Amino acid sequence: MAEQKALTTRAADFSAWYNEIVARAELADYSPVRGCMVIRPNGYAIWEQMQRALDQMFKDTGHQNAYFPLFIPQSYLAREAEHVQGFAPETAVVTHGGGKLLDEPLVVRPTSETIIYAMYAKWIQSYRDLPVLINQWANVVRWEMRTRLFLRTTEFLWQEGHTAHATEAEAEEETLRMLGVYRTFMEQWMAMPVITGRKTESERFAGALRTYSCEALMQDNRALQASTSHNLGQNFARAFEVTFQTAEGGLDYVWNTSWGASTRLIGALIMTHSDDLGLVCPPRLAQYQVIIVPIYKSAEERVMVLEASDRLRKELAAGGVRVQVDTREGLKPGAKYYHWEERGVPLRIEIGPRDVSSGSVVLVRRTGGKKESIRLEEIASRVTVAMNDMQTELLQAALGRREAATLRGATKAQFIAKMEQEGGLVYGGYCGSGTCEAEIKEQTKATIRVLPDPEFRSPVPPTECMWCGGSSIAEAVWAKAY
RNA sequence: CGGGACGUGGCGCAGUCCGGUAGCGCACUGCAAUGGGGUUGCAGGGGUCGCGGGUUCAAAUCCCGCCGUCCCGACCA
């Protein structure tokens, strides 16, 4: 019976395992509109935690929030040649309004560069107006051919930062600063290790000068682009006439950046930490960090245990812990344990009559922990310690899995074999030729995730291209990706 | 758009070959007992069998047409 209810194991079919986690934890569901996702309360709660943390980090780096329209005149998209090429195929277009055919079709934003820089053109006159540091929390629509809950849906929620600067150096600094913000968030909040670096020409954002990203490795050894940060140069400024008078009195185009992260992060979170019992959520992002399960038989015990549970809930809540008591009647404790485990609650406290009379409770960790009996007076501090430990251990575990799946300095044959078999990350020399890149994708399905930043590079830099043997211009990280 | 599969209560499926009262599991509702790792028992509600046409005394089942969904590829945060 228990086996029948166990999750599909990760190894057997990662995709089925993922879908089952999403369904059982009640995170999201498909909507009647094809490709569009409904984020259910449990999933949205995680998003809210993410939003809160990221938003604070954006404010700490001097950004403000604003909101721009959902509709973009079709002609705006066309002003930046590369941009329209990149996005036109996947746009949804509104042709009618108020029952009449519109003079100009309106595109539902696939991203907001164009509408935002059209506004910046009005707002920016002088170098004194710079920098403009704005972020928007919004939904966007991209008509993808195939979708997957959280990872790729027709409509998704995200934040997109759009900044304007007086110099190229400042724009580059901003681009890298925000890449760092994402990295910090992913490591410290999501407990998800990432590799940062630059994208190659083929994966660069349409219209950008340079694209950087945070790449993470999932438990099935496929890579996931978790966020991006673009230095847009003056491309959009030229297209939208965003000019300013310099301190020296000349006229120049501004330098723009844009950066974004989406609800895809929830998918990343699931695929990074979860196990065959269900979702595993790092304490810092959990909707409920602690669930208290009262255990009782008689009516007297029930009153006693519920009172004790509520006192403990109040004590923990007063200390800033997100905690709830599972007071549902008619369910055996075991059923409640499974219920909260598949929803990823980091810590569980069991309180029964024996605990109440002995002045203690049982503390259980979602991952790898045994049941521990804790004195009531110590519980608050032990909960804090357990959460901190868990946050660190999840990151370490994920890091360990990534390192185990990483191959550095591979030969061409080793690389092909690895991609055919277990997958994972391969570091190797790259000659910079798009031909090599295309050939590799064709033969192995692997792509260059990133040209890694210095701290991720191999101690001994490769001198030859892993594929053609020509001289290497950079080290690249290859993987099959989502 | 190319290749494959599937449409039967909310979900997952059997039944289709060989036509004959629409079933099972889970979930849901009610009552009772149970309760330290997915509890039992009893009772109950819910289905135009994807849509349209045809064959037949009789169609979930056979025939024709259409529609939809999913999986594999190209696109992608």
Side-chain angles (χ1 to χ4, degrees), chain A residues 1-8 13 15-16 19-20 23-24 26 29-30 32-35 37 85-91 109-111 138-148 150-160 182 199 202-206 211-216 223-230 258-268 277-278 293-299 301-302 305 326 328-342 348-356 358 360-362 364 370-371 373 438 441-442 445 447 449 481-482:
Chain A
M1 202 61 184
E3 276 94 318
Q4 283 175 0
K5 291 196 169 185
L7 277 169
T8 313
D13 185 345
S15 183
N19 289 334
E20 211 167 328
R24 287 208 193 181
E26 296 178 326
D29 206 348
Y30 286 108
V33 181
R34 194 192 172 282
M37 171 176 61
Q85 240 184 347
F87 284 102
E90 55 184 66
T91 53
R109 61 181 165 217
T111 178
N139 55 340
V140 289
V141 167
R142 296 181 188 178
W143 215 260
E144 302 288 356
M145 297 179 186
R146 285 179 61 197
T147 59
R148 202 158 177 219
F150 290 117
L151 300 182
R152 181 164 301 106
T153 50
T154 301
E155 178 187 1
F156 57 93
L157 302 181
W158 75 346
Q159 57 69 218
E160 44 180 328
Y182 287 135
K199 286 287 189 184
S202 64
E203 304 242 338
R204 182 176 52 77
F205 176 76
T211 290
Y212 299 87
S213 82
C214 292
E215 297 283 328
L224 182 82
Q225 180 173 310
S227 72
T228 50
S229 186
H230 316 288
S258 71
W259 27 273
S262 72
T263 40
R264 171 178 253 206
L265 291 178
I266 298 172
L277 281 174
V293 179
I295 298 160
Y296 48 82
K297 293 179 193 166
S298 64
E301 284 176 351
R302 178 177 175 277
V305 165
D326 187 346
R328 291 176 299 165
E329 300 288 348
L331 282 176
K332 288 181 81 171
K336 292 184 179 180
Y337 301 163
Y338 280 104
H339 178 90
W340 295 108
E341 277 165 359
E342 61 192 14
R348 178 176 76 238
I349 293 176
E350 307 172 4
I351 304 184
R354 295 205 298 269
D355 301 304
V356 176
S358 70
S360 63
V361 295
V362 172
V364 188
K370 300 187 199 82
K371 294 193 175 193
S373 190
K441 188 173 181 184
E442 174 73 25
K445 309 256 190 256
T447 49
R449 302 320 304 153
Y482 276 99

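Remember, it's a predicted structure, so these values are computed and weren't measured experimentally. Chain letters run A, B, ... following the sequence lines, proteins first and then strands; every chain starts at 1. Keep in mind that the numbers below use all heavy atoms, side chains included, and drop hydrogens, waters and symmetry copies.
- For the P atom pair drawn from B/rA32 and B/rC70, the interatomic distance equals 45 Å after rounding to whole Å.
- Contacts of A/Arg302 with the nucleic acid, taken as non-hydrogen atoms under 4.0 Å apart, are absent.
- The aromatic ring of A/Tyr338 is stacked on the base of B/rG38, with the two ring centres less than 5.5 Å apart and the planes inclined by under 30°.
- Distance, A/Ile349 CD1 to B/rG36 P: 19 Å, rounded to whole Å.
- For B/rC28 and B/rG9, the C1' atoms lie 11 Å apart once the distance is rounded to whole Å.
- Set against B/rG37, B/rG36, B/rA77, the side chain of A/Lys371 has B/rG37 as its closest nucleotide.
- The same atom, C1', is picked in B/rC26 and in B/rC63; the two are 36 Å apart, to the nearest Å.
- Applying the side-chain contact (heavy atoms from CB on, under 4.5 Å) test to A/Glu26 and every residue at least two apart in sequence or in another chain returns A/Arg40, A/Asn42, A/Arg343.
- One interatomic measurement links the two molecules: CD of A/Glu20 to P of B/rC26, which rounds to 17 Å at whole-angstrom precision.
- In this structure, the salt bridge (Lys or Arg N to Asp or Glu O under 4.0 Å) partners of A/Lys336, at least two apart in sequence or on a different chain, are A/Asp326.
- When both distances must be under 3.5 Å, the Watson-Crick or G-U wobble mate of B/rU56 does not exist.
- More than 12 heavy atoms of other shown residues, nucleotides or ligands fall within 6.0 angstrom of atom CH2 in A/Trp158.
- Note: OH (A/Tyr182) to C1' (B/rA77) measures 10 Å, nearest angstrom.
- Judged as a ring-ring contact (aromatic ring centres under 6.0 Å, His included), and not counting sequence neighbours, the contacts of A/Phe205 are A/His83, A/Phe87, A/His230.
- When the C1' atom is compared between B/rG52 and B/rG10, the two are found 27 Å apart, to the nearest whole Å.
- When the P atom of B/rA77 is taken as reference, atom OH of A/Tyr482 falls 16 Å away, rounded to whole Å.
- If you check B/rG50 for Watson-Crick or wobble pairing at under 3.5 angstrom, you find it paired to B/rC66.
- As rounded to the nearest Å, B/rC49 and B/rG36 have P atoms that lie 45 Å from one another.
- Note: CD (A/Glu342) to C1' (B/rG37) measures 13 Å, nearest angstrom.
- Each of A/Lys445 and A/Val356 was assigned the nucleotide of RNA chain B with the nearest heavy atom; the assignment lying further toward the 5' end belongs to A/Val356.
- The pairing partner recorded for B/rA32 is B/rU40, the criterion being a Watson-Crick or G-U wobble arrangement whose two distances lie under 3.5 angstrom.
- At a threshold of 4.0 angstrom between heavy atoms, the contacts of A/Glu341 include nucleobase atoms, whether or not backbone atoms are also involved.
- Among the protein residues, A/Ser262 comes within range of the nucleic acid bases, having at least one heavy atom under 4.0 Å from a base atom.
- In this structure, CG on A/Leu151 lies 11.5 Å from CD on A/Glu144, to the nearest 0.5 angstrom.
- A salt bridge links A/Lys199 with A/Glu215: the distance from a Lys NZ or Arg NE/NH1/NH2 to an Asp or Glu carboxylate oxygen falls below 4.0 Å.
- Nucleic acid contact for A/Gly352: base, since at least one base atom lies under 4.0 Å from a heavy atom of the residue.
- B/rG12 and B/rU69 have their P atoms separated by 15 Å, given to the nearest Å.
- Legend: residues meeting side-chain contact (heavy atoms from CB on, under 4.5 Å) with A/Ala261, ordered by chain and number and at least two apart, are A/Gln159, A/Tyr182, A/Ser227, A/Leu265.
- With B/rA77, B/rG38, B/rG37 as the candidates, the nucleotide lying closest to the side chain of A/Arg24 is B/rG38.
- With a cut-off of 3.5 Å on both Watson-Crick or G-U wobble distances, the partner of B/rG19 is given as none.
- With a 6.0 Å cutoff to the six-membered ring centre and a 45° limit on the axis angle, A/Arg264 does not count as a cation-pi contact of A/Phe156.
- Using a 4.0 Å heavy-atom criterion, one finds that A/Thr147 contacts no nucleic acid atom at all.
- Rounded to a whole Å, the CZ atom of A/Arg109 is 18 Å from the P atom of B/rA77.
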Pick out the pairs of N or O atoms, protein on one side and nucleotides 33-35 of chain B on the other, that lie under 3.5 Å.
{"unit_1": "B/rG35", "atom_1": "O2'", "unit_2": "A/Tyr296", "atom_2": "O", "d": "3.4"}
{"unit_1": "B/rG35", "atom_1": "N2", "unit_2": "A/Gly330", "atom_2": "N", "d": "3.4"}
{"unit_1": "B/rG35", "atom_1": "N2", "unit_2": "A/Leu331", "atom_2": "O", "d": "3.2"}

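- With sequence neighbours excluded, no residue forms a ring-ring contact (aromatic ring centres under 6.0 Å, His included) with A/Tyr296.
- Defined by atom type and a distance below 3.5 Å, a donor-acceptor pair is present between the side-chain atoms of A/Thr447 and A/Arg449.
- For B/rA27 and B/rU40, the P atoms lie 10 Å apart once the distance is rounded to whole Å.
- Partner assigned to B/rC24 is B/rG12, using Watson-Crick or G-U wobble distances below 3.5 angstrom.
- Between B/rG3 and B/rU8, the two C1' atoms lie 27 Å apart (nearest whole Å).
- Residue side chain A/Phe156 meets the stacking definition with respect to B/rA77: its ring centre sits within less than 5.5 angstrom of the base's six-membered ring centre, and the planes differ by less than 30 degrees.
- Nucleic acid contact class of A/Leu151 (heavy atoms, under 4.0 Å, all strands): base.
- Within 4.0 Å (heavy atoms only), A/Val362 reaches at least one base atom of the nucleic acid.
- Atom-to-atom, CD of A/Glu442 to C1' of B/rG73 comes out at 11 Å; the value is rounded to the nearest Å.
- Nucleotide B/rG2 forms a pair with B/rC72, judged by Watson-Crick or G-U wobble geometry with both contacts under 3.5 Å.
- Taking atom CG of A/Asp29 as the reference point, atom P of B/rG10 lies 14 Å away to the nearest angstrom.
- Contact annotation for A/Glu144: base contact, defined as any heavy-atom pair under 4.0 Å involving a base atom.
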